[in-house]
Amino acid sequence: MATCFTKKPLISICIIFSCFLSHAYGRVNPNFQVRAVNLGGWLVTEGWIKPSLFDAIPNKDFLDGAGLQFKSVTVGKYLCAELGGGTIIVANRTQASGWETFKLWRINETTFQFRVFNNQFVGLDTTTAGNGIDVVAVADTPGASETFEIVRKSDDLSRVRIKAPNGFFLQVKTEELVTADFKGDSGWRDDDPSVFLMTTTGSPRGEFQVTNGYGPAKATRVMREHWSTFIVEDDFKFISSNGLNAVRIPVGWWIASDPTPPPPYVGGSLQALDNAFLWAQKYGVNVIIDLHAAPASQNGYEHSSSRDGSQEWGKTDQNIQQTVDVIDFLTARYAKNPSLYAVELINEPLSPGASLESLNKYYSAGYEAVRKHSSTAYVVFSNRLGEHDPKEFFPLVSGLKGSVIDIHYYNLFSDIFNSMTVQQNIDFIYTNRSSQLSQVTTSNGPLIFVGEWVAEWQIQGATKEDYQKFAKAQLEVYGRASFGWAYWALKNVNNHWSLKWMIENGYIKL
Ligand SMILES: *[C@@H]1O[C@H](CO)[C@@H](O)[C@H](O)[C@H]1NC(C)=O
Ligand SMILES: *[C@@H]1O[C@H](CO)[C@@H](O)[C@H](O)[C@H]1NC(C)=O
Ligand SMILES: *[C@@H]1O[C@H](CO)[C@@H](O)[C@H](O)[C@H]1NC(C)=O
């Protein structure tokens, strides 16, 4: 509605023109196809795309979601949340796996909370029956009794002691008794029951980790610097002059409460998105807004800004409504901009957390929220990750005008690609992807969008020519997607994941 009808006659002529060019699904130009690039790693942080963003974080191996394991130097065994949580902490495991891994919640660079396998937090037993020093994992939400300091040995950072909120250090009295009552300082010796050898399973590096890692005093400056330098006006010029006609822009739910999003997120990403729309308009680039990080995380990955790998999206009506409100906000803000081409309601939801039921509920309400402000923007529905009927949302969307299904095709993230040769990878595109695409393409159903793909694979040391053939195969096959495709991504320190690098170095020509 708002995009095509405006009270200003001069503007309306060009806006109506642009609607007819590309916005009128099935009306005027059914042959328009999106040839897009994802602006990944910009408004939703992904550490692997730009690792340097994390460089200046103090104690940066202690980010939210880092999995830590602690081996007592005196008993030589690992701390373990007995039964995975809900009861005592013991120190009687010879190997470390799920129950022996403690996920960090970072308070600041020295202060942390520890989440166990079953999601409780480690704390002191302060119940009336408890003695205030036994270490347990029973609290569902962390408070002062669940807040610890990690003290590292300055010349050996893997040697640590854990200071409890009562001011004493944790000690392993026996394999079955861990208490917070060690007073002394024995100089990090191997007979000190408060010393642990720490190993880490690594941490996610998403928006939560980077903002909480820097903390309130520094995060705003770091993020604003990133937003204003990672994607600039020149990138839109590059896009429009290299055979691309659209961008898919991943955003996070916190953008809707800019300039004062809930901590640790910081304000300013909305200004960056405003700039993108200005540049898009200037260079004739279409914009697909993609809600990549939904509140409480729809897939547990860093790219949905999960704090510790947990995935809580869609579990309550309130959470779904909050997500609909984000879509409502974004569509209302940009509906009058002729570059708004589509709104993608959520990226890569993952079952079982993101159930079919909660997605159907959300998708109906999200569609209405877009339509409240725009009759022309396409509404993109993402298929779930994993093995599901690729047409599972067809019953829901088939009656909805301007609906699009987003499918992501990577020759990665599955064992079937591990031993494939160059030719097998290419054949897989021409046969398997091609037939998968035909299977979901129907004459009266939703349009199909290959919203993410990349010319990268499991193969090491492939030649430039191999990459060229692989990219060409994908362009050919995904070029048949009725809505179009989008490469992941424009920029990335890993060259093959950067369409800019691939174009500038002659690997991909559009
Ligand atoms: C970290 O947080 C704790 C608990 O709030 C506080 O006592 C401590 O001073 C903080 N440390 C730093 C370095 O900010
Ligand atoms: C560890 O200690 C707990 C508590 O006493 C006990 O139930 C469990 O069986 C022990 N596990 C091992 C592997 O010794
Ligand atoms: C790809 O398609 C071919 C031909 O239909 C089939 O034989 C093969 O099993 C498929 N490969 C995989 C990995 O799914």
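All heavy atoms count here, side chains included; hydrogens, waters and symmetry mates do not. Atoms within each ligand, like the ligands themselves, are counted from 1 in listed order. Fair warning: this is a prediction, and the values are worked out from it, not measured in the lab. Counting from 1, the numbers follow the sequence of the chain as shown.
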* Structure fact -> salt bridge (Lys or Arg N to Asp or Glu O under 4.0 Å) filter on Lys509, not counting sequence neighbours, yields none
* Structure fact -> Within the 4.0 Å heavy-atom cut-off around ligand 3, the contacting residues, ordered by chain and number, are Ile416, Phe428, Asn432
* Can you name the residues that form a salt bridge (Lys or Arg N to Asp or Glu O under 4.0 Å) with Asp466, not counting sequence neighbours? -> none
* Asked: Tell me the side-chain hydrogen bond (donor to acceptor under 3.5 Å, both in side chains) pairs involving residues 256-266, sequence neighbours left out?
  -> Tyr265-Ser305
* Are Trp453 and Tyr487 close enough that their ring centers fall under 6.0 Å? -> yes
* Atoms of ligand 2 less than 4.0 Å from Glu82 heavy atoms? -> 1 (C), 3 (C), 7 (O), 8 (C)
* Just checking, is any N or O donor in the side chain of Thr442 or Asn444 under 3.5 Å from an acceptor N or O on the other one? -> no
* Take Trp105 and Phe121 through the test ring-ring contact (aromatic ring centres under 6.0 Å, His included) and record every step on the way to the result. => CA-CA 10 Å; Trp105 276 26; Phe121 291 85; 4.8 Å; yes
* Asked: Can you check whether Glu109 has an N/O within less than 3.5 Å of an N/O in ligand 1?
  -> no
* Tyr467 and Glu456: side-chain donor and acceptor closer than 3.5 Å? -> yes
* Counting heavy atoms only, which part of Glu175 comes closer than 4.0 Å to ligand 2: side chain, backbone, both or neither? -> neither
